[in-house]
Amino acid sequence: MMGMKLTMLLLALPMVLGCRSTRTTGDVTPEPSVAGPATTTASAPAHVGTDPGHAGTGTPLVPTGHDRLAAFAAGCFWGVEDAFRHVPGVVATAVGYAGGHTTDPTYPLVCTHTTGHAETVLVEFDPTKVPYEHLLRVFWKIHDPTQVGGQGPDEGDSYRSVIFTFDADEAAAASASRDAEQKTLKAPITTEIVPMKAFYKAEDYHQQYAERTGHHGCPVRVPLDTL
């Protein structure tokens, strides 16, 4: 009986570890940028919350008061969330899965790259303190939107570049921002711009990972204090 339990535990371990068990992101030095050497040592503001839009498992997303919602996929969601938590005017963030064709995705399932979901950061922000256009500028700064099929060493559609929009105004702003960014790049931008449908909040151990653990295994391309 003991041997059977041990075998089941060993078989379950890869499912718990998921993609992170084979990633190499933690060993990668972030690329330098025009903003200066990349760093991930800054601490996120303590007031940034963790429940944007009352996120759940595909439940309707409703921001508080006059706040608005935005959502971005730009590679490993640990680092992307850490970046947006450093943007003044951001009220709350959460990581999860969006853009897929299955219901109730889990991290191990998303890691198989068969569900269509992208690792996504949901952002609730106060538009009187930070315009949506600034969040778009942050999005372009923290990753390489020209990379096909992943981000950095992380390969697969779950790491693709996506802007999920919540209304026509966001869609228009995202398209205009993409066109402006493209003029600064030689390679074509691969970023998708699509309406947000269901957002599934990821497992608790992924939420605010860098902030909680102090481990910045998914660094972004610019210093956090420049966002």
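All figures in this text were calculated on a predicted structure; none of them were measured in a lab.
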Working to the nearest 0.5 angstrom, can you tell me the gap between [X] [atom1] and [Y] [atom2]?
X: His134; Y: Phe139; atom1: NE2; atom2: CZ; answer: 14.5 Å
X: Lys183; Y: Arg178; atom1: NZ; atom2: CZ; answer: 12.5 Å
X: Asp144; Y: Thr191; atom1: CG; atom2: OG1; answer: 9.0 Å
X: Cys76; Y: Gln151; atom1: SG; atom2: CD; answer: 10.5 Å
X: Leu61; Y: Phe164; atom1: CG; atom2: CZ; answer: 12.0 Å
X: Glu81; Y: Thr120; atom1: CD; atom2: OG1; answer: 11.5 Å

* Should the pair Tyr209 and His215 be assigned to parallel (<30°), tilted (30 to 60°) or perpendicular (>60°) ring geometry? -> perpendicular

* To do: Just say parallel, tilted or perpendicular for the rings of Tyr107 and Tyr205, cut-offs at 30° and 60°.
  => perpendicular

Keeping the roles fixed (side chain from [X], backbone from [Y]), state whether a donor-acceptor pair exists under 3.5 Å.
X: Arg85; Y: Val48; value: yes
X: Thr93; Y: Leu122; value: no
X: His101; Y: Thr114; value: yes
X: Ser177; Y: Ala173; value: no
X: Ser158; Y: Gly156; value: no
X: Arg212; Y: Gln207; value: yes
X: Glu124; Y: Asp67; value: no
X: Thr184; Y: Glu181; value: yes
X: Asp167; Y: Ala171; value: no

Is there a side-chain contact between [X] and [Y], using heavy atoms and a 4.5 Å cut-off?
X: Val194; Y: Val162; result: yes
X: Glu170; Y: Arg68; result: yes
X: Leu227; Y: Val222; result: yes
X: Lys201; Y: Thr59; result: no
X: Val90; Y: Leu135; result: yes
X: Thr190; Y: Gln147; result: no
X: Val130; Y: Val87; result: yes
X: Gln182; Y: Trp140; result: no

Are [X] and [Y] in one and the same hydrophobic cluster, where Ile, Leu, Val, Met, Phe, Trp and Tyr link if side-chain heavy atoms are under 4.5 Å apart?
X: Tyr97; Y: Met196; result: no
X: Leu136; Y: Val91; result: no
X: Phe199; Y: Val80; result: no
X: Val138; Y: Leu185; result: yes

* Asked: Is the CG atom of Asp179 crowded by more than 12 outside heavy atoms at less than 6.0 Å?
  -> yes

Where [X] and [Y] come nearest, the two heavy atoms and their spacing:
X: Gly58; Y: Ala198; value: CA-CB, 4.3 Å
X: His143; Y: Ser161; value: NE2-OG, 2.8 Å
X: Ala83; Y: Leu224; value: CA-CD2, 3.8 Å
X: Phe84; Y: Phe72; value: CZ-CD1, 3.5 Å
X: Thr165; Y: Ala174; value: CG2-CB, 4.3 Å
X: Phe166; Y: Leu69; value: CD1-O, 3.4 Å

* Flag for Asp225-His86: side-chain donor and acceptor within less than 3.5 Å -> no

* With sequence neighbours left out, write down each residue that passes ring-ring contact (aromatic ring centres under 6.0 Å, His included) with Tyr200, or none if nothing qualifies. => His117

* **side-chain hydrogen bond (donor to acceptor under 3.5 Å, both in side chains) against Arg160, all qualifying residues, sequence neighbours excluded** => Glu192

